[in-house]
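Structure first, commentary second.
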Amino acid sequence: MEYMEGMEIIDSNMMGQVIDAMNSYDYDRYTENDVRSALARETLTPEDFAALLSPAALPFLEDMAQRAQIETRKHFGNSIAMFTPLYIANYCENYCIYCGFNCYNKIRRAKLSSEEIESEMQTISETGLQEILILTGESRKMSDVDYIADACRIAKKYFKVVGVEVYPMNSDEYAKLHQNGADFVTVFQETYNSDKYETLHLEGHKRIFPYRFYAQERALKGGMRGVGFAALLGLDDFRKDAFATGMHAYLLQKKYPHAEIAFSCPRLRPIINNDKINPKDVHEPQLLQVICAYRIFMPFASITISTRECERFRNNVIKIAATKISAGVDVGIGGHSDGEKKGDEQFEISDPRNVDEVFKAIEEQGLQPVMSDYIYV
Ligand code: SF4
């Protein structure tokens, strides 16, 4: 997959390291003893992380949850950060066969104007939230860098923490978003199996696997404070994908020690016009195993639990390992301020609770909802 014109190339062998580690990860060779010794270690090696993601670790889920909980409280106290995603556009030039926004899916497309973005953000900020994640489909034509930068500028008026989850960009473009108020960039690699990746991403710039892989590094070079990682669990072999996700974050953290690292743990969700796509093999115990393994391997990393998961699971996982939770989520375009949606949703959500309801649920677990954990001076 050749880089397309204009795509910045980073001189690094990190992708090769991650792919090699993933390809040689034979999770069936790990034993109970490997899992026990991983759990006994204070600081885990990649080999320990591999053991915790293996089938041999599944019977140790309770032990893993206990260890994860200790690490979470040690590094994050009782706090659970709250945020909401805001989709400002759903145009997309890519053909990802598992996503409701893909360019061939016949859905209502829309893009919010500056005034509409401001109105949505004002309404969201009135709920008390101080962190927002701005999302678009991946269309440079319909949502160019200036458009996203403008959304960041507006967001900064209403929120203390602004993140973006948009198409991968060059470092100077990330710098522009950063200058306009964004501090966090999340890019899902979807799957780290590059052969499978090609069969799932049939058209568009997203087909360029390495350009996507190095997005977090370009974001850090652009001045971002933190970067988020995820594989879409269920697209391919979830154990290998989770292992590669952890290795990607681990190696980037070694290279950029100041970077704030975050994990998301999305599972496939049903989408409009495609009811055949469902999570493959990733049931709740396996998902919890992955989340606990991330936590124990990289105890200081933020872990987000989204509304792809149900209320019960989300309430439980914030007690164990997740440190950030979304609330008042609408994955369509518009609808926060006047209830009128302009564009269709990316996927079906499982937890429709509003900000107050999630806030109370966090308190009921004996935890502290936190709207912003960062002070700019
Ligand atoms: S996953 Fe992202 S890039 Fe792919 S179709 Fe959906 S919005 Fe577009």
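First listed ligand is number 1; within each ligand, the first listed atom is number 1. No hydrogens, no waters, no symmetry mates; every other heavy atom, side chains included, goes into these values. This chain uses plain numbering: 1 for the first residue, then up along the sequence.
- Screening the protein for N, O or S atoms under 2.8 Å from atom 4 (Fe) of ligand 1 yields 1; no waters enter the count.
- Cation-pi check for K324 over F184 is met; the charged atom lies under 6.0 angstrom from the ring centroid and within 45 degrees of its normal.
- The closest side-chain donor-acceptor pair between Q122 and E118, if any, does not fall under 3.5 angstrom.
- Listed by chain and number, the residues in a side chain to side chain donor-acceptor pair (under 3.5 Å) with Y30 are E47 (sequence neighbours excluded).
- Y256 pairs by the side chain to side chain donor-acceptor pair (under 3.5 Å) definition with E217, not counting sequence neighbours.
- Under 4.0 Å is where a charged nitrogen must lie from a carboxylate oxygen, and between R314 and E309 no such pair does.
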Using atom types as modelled, flag every donor-acceptor pair under 3.5 Å from a side chain in residues 48-55 to any protein atom, sequence neighbours excluded.
residue: D48; atom: OD1; partner: R41; partner atom: NE; Å: 3.3
residue: D48; atom: OD1; partner: R41; partner atom: NH2; Å: 3.2
residue: D48; atom: OD2; partner: R41; partner atom: NE; Å: 2.6
residue: D48; atom: OD2; partner: T45; partner atom: N; Å: 2.9
residue: D48; atom: OD2; partner: T45; partner atom: OG1; Å: 3.0
residue: S54; atom: OG; partner: A51; partner atom: O; Å: 2.6
residue: S54; atom: OG; partner: A56; partner atom: N; Å: 3.3

